[in-house]
Amino acid sequence: FKSAVSYSVETSDLPSLAAVDGSPELDVYDDVDTDSLRSYMEFNFAANLYYAMLENTASEQSAKMTAMENATNNAGEMIDNLQLTFNRTRQAVITRELTE
């Protein structure tokens with residue numbers, strides 16, 4: 001989600017368990033067992049999924065807001081046109097009654 005009028009689609013890859021286990025940054029920690037890595041992978045997946053859901057909600061709200069603004073503008077224009085037609089018709093009736 002960029003703004004109310006612009007969206008960008010992004011894909012993100014989740015690293016595999018083997019890729020995380022073979023990472024050189026992991027050597028900083030003394031002992032990291034497979035269960036800890038698996039828990040980290042589950043947390044990473046859940047965090048990415050939650051982020052995607054937040055982005056989806058923001059995009060949906062933005063689209064709804066834009067649609068409602070457009071509907072409001074269209075309804076205002078329609079009301080103005082109908083009011084103008086009504087006033088012209090009323091004036092025509094009044095003019096016709098005066099000429100008779």
Side-chain angles (χ1 to χ4, degrees):
F1 176 75
K2 290 168 121 179
S3 69
V5 293
S6 176
Y7 303 101
S8 66
V9 178
E10 297 177 8
T11 60
S12 63
D13 297 327
L14 295 175
S16 66
L17 187 60
V20 172
D21 193 21
S23 174
E25 288 86 10
L26 200 59
D27 293 338
V28 174
Y29 303 102
D30 289 337
D31 185 29
V32 179
D33 57 351
T34 307
D35 289 337
S36 297
L37 286 178
R38 188 159 307 203
S39 294
Y40 168 73
M41 297 298 295
E42 289 175 9
F43 174 77
N44 189 16
F45 176 72
N48 282 324
L49 186 62
Y50 182 70
Y51 176 73
M53 293 167 102
L54 288 177
E55 287 286 317
N56 179 40
T57 303
S59 297
E60 179 184 1
Q61 290 297 324
S62 173
K64 285 180 179 180
M65 190 171 62
T66 302
M68 288 304 296
E69 183 178 355
N70 290 337
T72 300
N73 292 341
N74 290 338
E77 289 175 12
M78 186 182 294
I79 288 170
D80 291 343
N81 290 336
L82 289 173
Q83 190 170 15
L84 183 64
T85 303
F86 172 77
N87 288 341
R88 284 181 180 166
T89 306
R90 184 173 53 93
Q91 188 63 39
V93 170
I94 292 171
T95 304
R96 188 175 12 175
E97 287 178 359
L98 288 174
T99 57
E100 290 177 354

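None of these values were measured; they are calculated from a predicted model.
- Rounding to the nearest 0.5 Å gives a distance of 9.5 Å between CG of Asn48 and CZ of Phe43.
- Here the straight-line distance linking atom CE of Met68 with atom CG of Asn73 works out to 11.0 Å at 0.5 Å rounding.
- Linking ILVMFWY residues whenever their side-chain heavy atoms come closer than 4.5 Å, directly or via other members, leaves Leu14 and Tyr50 in distinct clusters.
- Put simply, CD on Glu69 and OG1 on Thr72 are 7.5 Å apart, with the number rounded to the nearest 0.5 Å.
- A salt bridge is defined here as a Lys NZ or Arg NE, NH1 or NH2 lying under 4.0 Å from an Asp or Glu carboxylate O, and Glu42 with Arg38 fails to meet this definition.
- Asn44 places no side-chain N or O within 3.5 Å of a backbone atom of Tyr40 that could act as its donor or acceptor partner.
- Annotation: the span from Asp80 atom CG to Glu77 atom CD amounts to 8.0 Å, rounded to 0.5 Å.
- A donor-acceptor pair is defined here as one N or O able to donate and one able to accept, closer than 3.5 Å; such a pair exists between the side chain of Ser59 and the backbone of Glu55.
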Practice prompt. Step by step, work out the side chain to side chain contact (heavy atoms under 4.5 Å, CB included) result for Asn74 and Met78.
Written response: CA-CA 6 Å; Asn74 290 338; Met78 186 182 294; over 6 Å; no
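- For the atom pair OG1 (Thr95) and CZ (Arg90), the distance works out to 10.5 Å, reported to the nearest 0.5 Å.
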Practice prompt. Could you check Ser36 against Asp33 for side chain to side chain contact (heavy atoms under 4.5 Å, CB included), going step by step and ending with a plain yes or no?
Written response: CA-CA 5 Å; Ser36 297; Asp33 57 351; 2.6 Å; yes
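- Taken to the nearest 0.5 Å, the CG atom of Leu84 stands 13.5 Å off from the CD1 atom of Ile79.
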